[in-house]
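Scroll down for the structure; my scribbles are underneath it.
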Amino acid sequence: MTQVNLSQGIAVNIPPILTLKITHEQFIELARVNEDLQLERTATGDLIIMPPTGSDTGKRNFEIAGQIWLWNRQTKLGVAFDSSSGFHLPNGADRSPDAAWVRQDRWDALTREQQDGFAPICPDFVLELRSKNDNMEPQRVKMREYIENGARLGWLIDRKNKKVEIYRPGQDVEVLDNPTTLSGENVLPGFVLDLTEVWL
């Protein structure tokens, strides 16, 4: 059951079987007044309220985002994002990957207003880090959605089983068992993610 705290300290419990449908505009307003909540919205308008990750998962996610940030800072090839960043995908979904990257020319093509909100763009690269209690299937659905909407590379990192699923357009998902590094291929040229701290 998901609990949502409203202003004035009132709590609303939303059972997992209940689906709330909202428009993109309503989602933007909901996210604006609930900045502490992790929210997503499917292409069909279903609201997804996610609890904060555990501290251990947050630490590992920060490690990953830090490596991407450092590579991007050195190469200046695009814009890197952490898990608090939302994107309005071409199919209408509003998603917040755990880490993302957009090529500079694509980012620059957006207006300042678009950049300030849920940017109407699918990142070139997306990463999802499975939390301890995450069900893998919804994560896989999300990864396929990113690829279908224009992502060129996606990594689904499963810490629990020490596996990585690599998503690419027009290809089968590649599954790696306990890799020590991941290559950014031609999407993040020269980037190699060190997974040592992620697997600990």
Side-chain angles (χ1 to χ4, degrees), residues 2 4-8 12 20-53 57-59 61-129 131 138-139 141-156 167 169 184 187-189 191 193:
T2 303
V4 181
N5 291 320
L6 304 174
S7 62
Q8 316 269 321
V12 176
L20 299 177
K21 290 196 178 290
I22 61 173
T23 66
H24 172 65
E25 291 73 22
Q26 290 169 328
F27 177 80
I28 290 172
E29 183 61 19
L30 184 65
R32 186 185 68 75
V33 299
N34 293 282
E35 293 178 349
D36 294 335
L37 291 178
Q38 176 108 15
L39 305 171
E40 287 187 333
R41 183 183 154 276
T42 68
T44 57
D46 297 341
L47 178 64
I48 301 168
I49 303 171
M50 298 168 289
T53 62
T57 299
K59 176 184 90 141
N61 196 61
F62 191 72
E63 167 68 30
I64 292 168
Q67 290 185 51
I68 296 169
W69 173 85
L70 182 59
W71 166 82
N72 190 64
R73 174 87 181 248
Q74 293 168 342
T75 64
K76 301 187 183 335
L77 293 175
V79 183
F81 301 89
D82 69 6
S83 61
S84 64
S85 305
F87 298 91
H88 184 57
L89 304 184
N91 71 348
D94 295 290
R95 296 293 193 178
S96 297
D98 288 328
W101 181 84
V102 175
R103 207 176 60 222
Q104 192 67 54
D105 62 312
R106 295 183 67 229
W107 182 252
D108 291 343
L110 300 175
T111 66
R112 172 59 68 189
E113 183 180 11
Q114 290 172 323
Q115 292 174 353
D116 285 344
F118 282 77
I121 192 171
C122 183
D124 295 274
F125 166 77
V126 292
L127 181 148
E128 293 287 351
L129 178 63
S131 298
Q139 299 292 318
V141 168
K142 197 157 47 161
M143 294 303 292
R144 289 190 295 267
E145 180 180 53
Y146 290 133
I147 296 299
E148 291 164 2
N149 279 270
R152 297 186 297 135
L153 179 65
W155 295 339
L156 175 53
Y167 292 76
V187 179
L188 308 174
F191 177 65
L193 177 66

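None of these values were measured; they are calculated from a predicted model.
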Quick one, [X] and [Y] - any side-chain contact, counting heavy atoms below 4.5 Å?
| X | Y | value |
| --- | --- | --- |
| Leu30 | Leu47 | yes |
| Tyr146 | Leu89 | yes |
| Pro120 | Leu110 | yes |
| His88 | Phe27 | no |
| Arg41 | Ile22 | yes |
| Pro189 | Thr75 | no |
| Leu156 | Tyr167 | yes |

My understanding is that only residues two or more places apart in sequence, or in another chain, count here; which of them pass side-chain hydrogen bond (donor to acceptor under 3.5 Å, both in side chains) with [X]?
| X | value |
| --- | --- |
| Arg95 | Glu40, Glu145 |
| Ser83 | none |
| Asp124 | Arg106, Arg152 |
| Thr23 | Gln26 |

If you measure from the Lys or Arg side-chain nitrogens to the Asp or Glu carboxylate oxygens, is any gap between Lys21 and Asp46 under 4.0 Å?
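A salt bridge links Lys21 with Asp46.
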Can you tell me how far the [atom1] atom of [X] sits from the [atom2] atom of [Y], to the nearest 0.5 Å?
| X | Y | atom1 | atom2 | answer |
| --- | --- | --- | --- | --- |
| Thr42 | Asn91 | OG1 | CG | 8.5 Å |
| Leu193 | Leu188 | CG | CG | 10.0 Å |
| Ser85 | Phe118 | OG | CZ | 9.5 Å |
| Lys142 | Asp98 | NZ | CG | 6.5 Å |
| Phe87 | Phe81 | CZ | CZ | 4.5 Å |
| Gln115 | Asp108 | CD | CG | 7.0 Å |

Verify, without hydrogens or angle tests, whether Gln114 (side chain) and Thr111 (backbone) share a donor-acceptor contact under 3.5 angstrom.
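Checking the backbone N and O of Thr111 against the side chain of Gln114, a donor-acceptor pair under 3.5 Å is found.
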Quick check: does any side chain N or O of Asn72 sit under 3.5 Å from a backbone N or O of Trp101, one acting as donor and the other as acceptor?
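Side chain of Asn72 to backbone of Trp101, a donor-acceptor pair under 3.5 Å: no, none is there.
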Run the ring-centre check on Phe125 versus Trp155 and record whether the distance is less than 6.0 Å.
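Judged by ring-centre distance (under 6.0 Å), Phe125 and Trp155 do meet the cut-off.
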Minimum heavy-atom distance [X]-[Y], with the two atoms named:
| X | Y | answer |
| --- | --- | --- |
| Ser96 | Gly86 | OG-CA, 3.6 Å |
| Ala151 | Cys122 | N-SG, 3.6 Å |
| Ala99 | Ile68 | CB-CD1, 3.9 Å |

I would like to know whether Gln104 and Val79 meet side chain to side chain contact (heavy atoms under 4.5 Å, CB included); could you show each step before the answer?
CA-CA 6 Å; Gln104 192 67 54; Val79 183; 3.9 Å; yes
Sequence-distant partners of Pro169, side-chain contact (heavy atoms from CB on, under 4.5 Å), two or more places apart
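Partners of Pro169 by the side-chain contact (heavy atoms from CB on, under 4.5 Å) criterion, ordered by chain and then number, come out as Ile147.
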Can you list every pair that meets salt bridge (Lys or Arg N to Asp or Glu O under 4.0 Å) and has a residue in residues 61-77, with sequence neighbours left out?
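Every candidate salt bridge (Lys or Arg N to Asp or Glu O under 4.0 Å) pair involving residues 61-77 fails, so no pair, neighbours aside, qualifies.
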